[in-house]
Asks: 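After the structure tokens below, expect a handful of questions from me.
Convention: sequence-line order gives letters A, B, ...; per-chain numbering from 1. If you're wondering where the values come from, they're calculated on a predicted model, not measured in any experiment.
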There are 2 protein chains.
Amino acid sequence: MTTPTRREQILATAAALFARRGFHGVAVTDIGAACGISGPALYKHFASKDALLAELLVGISEELLRVGLERVEAADSPRAALDALVDWHLSFALDHRDLIVVQDRDWSSLPDEAREQVRSLQRAYVDVWADRLRELDPDLDLEAARATAHAAFGLLNSTPHSALLPDAAMRELLHGMALRGFGVA
Amino acid sequence: MTTPTRREQILATAAALFARRGFHGVAVTDIGAACGISGPALYKHFASKDALLAELLVGISEELLRVGLERVEAADSPRAALDALVDWHLSFALDHRDLIVVQDRDWSSLPDEAREQVRSLQRAYVDVWADRLRELDPDLDLEAARATAHAAFGLLNSTPHSALLPDAAMRELLHGMALRGFGVA
DNA sequence: GGCCCAGGTTAGTGGTCGTTCACCTCCCGC
DNA sequence: GCGGGAGGTGAACGACCACTAACCTGGGCC
């Protein structure tokens with residue numbers, strides 16, 4: 001709740017602009033202008049425009065995985081773990097709509113190293129979900145469980161794109177759809 | 001099954017490239033090269049790079065809506081209509097992975113007129129789904145039905161991104177998830 | 001045979017964008 | 001008070017890219 005640093009301000013405004021117009025559709029001049037500074041001042045805070053994107057996407061991938069693991073840890077059944085994961089993912093998606101949009105649109109614009117980092121974090125996160133699904137149904141094979149998790153992300157991540165309902169209603173609707181989709185409702 | 005015209009070849013090649021690297025990440029030279037011609041020859045077939053994108057996206061929006069309506073017409077219950085819609089959407093997504101990816105990534109790069117056209121076609125398509133959902137549950141309000149349809153698209157459209165299972169298995173998995181999500185399984 | 005035009009070609013142009021450079025200015029520690 | 005670094009500025013540069021211009025070519029048609 002402290003006043004955000006310039007660096008954080010840049011990250012937030014960049015996320016908003018990237019979400020609306022795409023990484024390549026936003027010039028560094030635009031980001032600067034939206035922060036009240038102009039153009040090349042960004043380079044006092046980030047090595048490059050790519051590095052800015054990388055920090056956004058690596059950051060959210062780490063947070064999704066880290067908190068996801070915490071929630072699973074705190075749950076006392078596979079069923080409860082899945083419920084907690086859906087709840088967590090939905091909270092994140094509702095609180096960081098911009099980042100969700102940027103993540104699955106501009107992932108391919110990342111420099112190689114960051115792209116690999118995000119990829120492996122995402123794979124780990126998918127497997128947190130997939131393992132819970134397989135605990136619940138031991139006959140489910142690993143690839144099918146991963147595909148199921150992926151489908152759930154697609155479902156939950158639809159919320160930043162549609163935005164048709166108040167957050168609470170959207171949360172309840174998507175939570176129910178996801179759990180019923182898993183067959184655990 | 002006739003040999004594709006140069007025009008169709010360009011459309012298909014462009015779709016593949018756009019899907020992999022994004023609209024702004026592909027140069028007209030790249031598209032030409034991938035077709036065995038080079039650079040500005042494209043302008044003998046399309047007015048601009050934007051127009052090429054527009055033709056891709058307007059085309060798929062029209063086809064999704066048109067066939068969607070046909071399938072609903074042929075169904076004899078709301079339940080059967082939803083089943084047919086899921087089946088149709090899944091067939092389309094599996095057959096046109098590239099276009100699905102391009103549609104929800106590069107929609108914002110469309111010129112104004114085409115963007116409005118796609119938007120209104122998509123809204124109509126969403127409402128085809130939403131109306132069926134409300135026939136099934138008359139207490140569901142319109143915005144919630146639309147959000148539900150939107151979520152289903154997110155779920156079904158995850159398949160081009162994940163591609164973890166053979167088509168038949170993926171189809172079965174997602175079909176089941178969608179219908180259970182609707183609460184009609 | 002001669003016209004023509006659909007569909008290529010290469011060279012060039014204007015604009016945009018990421019990034020660098022040289023410079024300025026305020027504030028903070030000694 | 002004064003030196004220096006953090007953070008800002010505008011100008012310039014080099015790359016890239018969509019698009020245009022001018023030109024070539026070969027096959028169908030009268």
Asks: What string of B, S and - do you get for nucleotides 4-11 of chain D 5' to 3' if you count protein non-hydrogen atoms under 4.0 Å?
Replies: ---BBBBB

Asks: Rounded to whole angstroms, how far apart are CG on Leu42(B) and P on dA18(D)?
Replies: 10 Å

Asks: How close do Ala19(B) and Val102(B) get, counting heavy atoms only, and between which atoms?
Replies: N-CG2, 3.5 Å

Asks: Quick one: which residue pairs count as a ring pair (Phe, Tyr, Trp, His ring centres under 6.0 Å) with a foot in residues 37-74 of chain A, not counting sequence neighbours?
Replies: none

Asks: Using a 3.5 Å distance criterion without hydrogens, assess whether the side chain of Asp106(B) forms a donor-acceptor pair with backbone atoms of Ser109(B).
Replies: no

Asks: Quick test of your reading of the model: are Arg134(A) and Asp131(A) salt-bridged, counting only N-O distances below 4.0 Å?
Replies: no

Asks: Does any residue of residues 46-57 of chain B have a heavy atom under 4.0 Å from DNA chain D, and if so, which ones, in number order?
Replies: Ser48(B), Lys49(B)

Asks: Among residues two or more places apart or on two chains, list those pairs meeting ring pair (Phe, Tyr, Trp, His ring centres under 6.0 Å) that have a residue in residues 142-167 of chain A.
Replies: His89(A)-Phe153(A), Tyr125(A)-Phe153(A), Trp129(A)-Phe153(A)

Asks: Under the ring pair (Phe, Tyr, Trp, His ring centres under 6.0 Å) rule, what pairs show up with a residue in residues 5-41 of chain B, not counting sequence neighbours?
Replies: Phe18(B)-Phe23(B)

Asks: From the 5' end of DNA chain C to its 3' end, which nucleotides mark the outer limits of contact with chain A, defined by a 4.0 Å heavy-atom distance cut-off (strictly under)?
Replies: dC17(C) to dT20(C)

Asks: Using the salt bridge (Lys or Arg N to Asp or Glu O under 4.0 Å) rule, collect all pairs that involve residues 22-49 of chain B, keeping only residues at least two apart or in two chains.
Replies: Arg21(B)-Asp30(B)

Asks: Can you give me the closest heavy-atom contact between Ala80(B) and Ala75(B), atom names plus distance?
Replies: C-CB, 3.8 Å

Asks: Could you list the donor-acceptor pairs under 3.5 angstrom formed between side-chain atoms of residues 57-71 of chain B and any protein atom two or more places apart in sequence or on another chain?
Replies:
residue	atom	partner	partner atom	Å
Ser61(B)	OG	Leu57(B)	O	2.9
Ser61(B)	OG	Gln103(B)	NE2	3.3
Arg71(B)	NH1	Asp87(B)	OD2	3.3

Asks: Which residues in residues 17-32 of chain B have at least one heavy atom lying under 4.0 Å from any atom of DNA chain D?
Replies: Val26(B), Ala27(B), Val28(B)

Asks: With sequence neighbours excluded, what pairs up with Gln117(A) under the side-chain hydrogen bond (donor to acceptor under 3.5 Å, both in side chains) test?
Replies: none

Asks: Among residues at least two apart in sequence or on other chains, which ones pass ring-ring contact (aromatic ring centres under 6.0 Å, His included) with Phe92(A)?
Replies: Trp88(A), His96(A)

Asks: Does Ser108(B) have any side-chain contact (heavy atoms from CB on, under 4.5 Å) partners at least two apart in sequence or in another chain, and if so, which?
Replies: Arg105(A)

